[in-house]
Novice: 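Once you've had a glance at the structure underneath, I'll fire off some questions.
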Amino acid sequence: MPKVNTPMVIMANDNDGAVPWYQGIELFTGMRRLGKQVWMLNYNGEEHNLVQRKNRKDIQIREQQFFDWLLKGDKPAKWLIEGVPAVDKGNSWGLETVQ
């Protein structure tokens, strides 16, 4: 992890049978401790691949916002700057851009 310099978004779903979700948490935590740019997405009840339409749409929006911000210099979405606390999950999406 010390050699990773590329900002990354990790998806670690809590019902993933292929990759245990805690491995995503470990990678995320390790990267944060090293001061790296990393974000983690977790879709409750989803397995390795997203099945629910609302979650597939959500990740597409977040991927677009991430790359538009990182590569095109667009204004970042709130989730990139402030995150979305677990207690707000489902109520606040953080998809609006920060002014």
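Values in this document were obtained by computation on a predicted structure and should not be read as measured data. Throughout, numbering of the chain's residues begins at 1 and tracks the sequence. Side-chain atoms are counted along with the backbone in the values below, which use heavy atoms only and exclude waters and symmetry mates.
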Novice: Quick one: closest heavy-atom pair of Asn15 and Glu47, and the distance?
Specialist: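 Nearest pair, atom of Asn15 first, then Glu47: O-CG, 3.3 Å.
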Novice: Any link between Phe28 and Val19 through a network of hydrophobic side chains (Ile, Leu, Val, Met, Phe, Trp, Tyr) touching at under 4.5 Å?
Specialist: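 No, separate clusters.
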Novice: Output all residues satisfying side-chain hydrogen bond (donor to acceptor under 3.5 Å, both in side chains) with Gln60, sequence neighbours left out; order by chain, then residue number.
Specialist: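 Not a single residue meets the side-chain hydrogen bond (donor to acceptor under 3.5 Å, both in side chains) criterion with Gln60.
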Novice: Closest heavy-atom contact between His48 and Ala18?
Specialist: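 His48 and Ala18 have their closest heavy atoms at ND1-CB, 3.8 Å.
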Novice: Membership question, hydrophobic clusters at under 4.5 Å side-chain separation (ILVMFWY): are Leu41 and Met8 in the same one?
Specialist: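 In one cluster with Met8: Leu41, no.
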Novice: Which other residues end up in the same hydrophobic cluster as Val51, if Ile, Leu, Val, Met, Phe, Trp and Tyr are linked when side-chain heavy atoms come under 4.5 Å apart?
Specialist: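 The other cluster members (ILVMFWY side chains, heavy atoms under 4.5 Å, direct or chained): none.
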Novice: Calculate, to the nearest 0.5 Å, the distance between atoms CZ and CD belonging to Arg56 and Glu46 respectively.
Specialist: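 If we round to the nearest 0.5 Å, Arg56:CZ and Glu46:CD are 8.5 Å apart.
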Novice: Taking only distance into account, with no hydrogens and no angle test, what donor-acceptor pairs under 3.5 Å do side-chain atoms of residues 70-84 form with protein atoms, sequence neighbours excluded?
Specialist:
| residue | atom | partner | partner atom | Å |
| --- | --- | --- | --- | --- |
| Trp79 | NE1 | Gln65 | OE1 | 2.8 |

Novice: Among all residues two or more places apart in sequence or in another chain, which pass the side-chain hydrogen bond (donor to acceptor under 3.5 Å, both in side chains) test with Asp58?
Specialist: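 Asp58 satisfies side-chain hydrogen bond (donor to acceptor under 3.5 Å, both in side chains) with Tyr43, Arg62 only.
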Novice: Identify whether Met11 and Leu95 are in the same connected component of the hydrophobic contact network (ILVMFWY, side-chain heavy atoms under 4.5 Å).
Specialist: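 Linked, Met11 and Leu95 end up in one cluster.
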Novice: Compare all side-chain heavy atoms of Glu63 with those of Val9 and state whether any distance is below 4.5 angstrom.
Specialist: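 Heavy-atom side-chain distance check fails, nothing below 4.5 Å.
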Novice: When you look at CH2 of Trp39, are more than 12 heavy atoms from neighbouring residues, nucleotides or ligands closer to it than 6.0 Å?
Specialist: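 For Trp39, atom CH2 is crowded (more than 12 foreign heavy atoms under 6.0 Å).
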Novice: Check whether Ile10 and Met1 end up in the same hydrophobic cluster, where Ile, Leu, Val, Met, Phe, Trp and Tyr are linked by side-chain heavy atoms less than 4.5 Å apart.
Specialist: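 Yes, one cluster joins them.
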Novice: For residues Leu50 and Phe66: do they belong to one hydrophobic cluster (side chain heavy atoms under 4.5 Å, members Ile, Leu, Val, Met, Phe, Trp, Tyr)?
Specialist: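 Yes; Phe66 is reachable from Leu50 via cluster members.
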Novice: Which residue pairs pass the salt bridge (charged side-chain N to carboxylate O under 4.0 Å, His left out) test when at least one of the two sits in residues 11-40, sequence neighbours left out?
Specialist: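 Sorted result for residues 11-40: empty, none.
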Novice: List the atom of Pro7, the atom of Gln37, and the distance in Å for their closest heavy-atom pair.
Specialist: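 Scanning both residues, the minimum pair turns out to be CG-OE1, 3.2 Å.
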Novice: Tell me whether Thr29 contacts the main-chain N or O of Ile25 through its side chain, where contact means a donor paired with an acceptor under 3.5 Å.
Specialist: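 Looks like yes, one N/O pair under 3.5 Å.
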Novice: Applying side-chain hydrogen bond (donor to acceptor under 3.5 Å, both in side chains), name anything that partners Lys89, two or more places apart in sequence or on another chain.
Specialist: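 For Lys89 the side-chain hydrogen bond (donor to acceptor under 3.5 Å, both in side chains) partners, ignoring immediate neighbours, are Asn42, Asn44.
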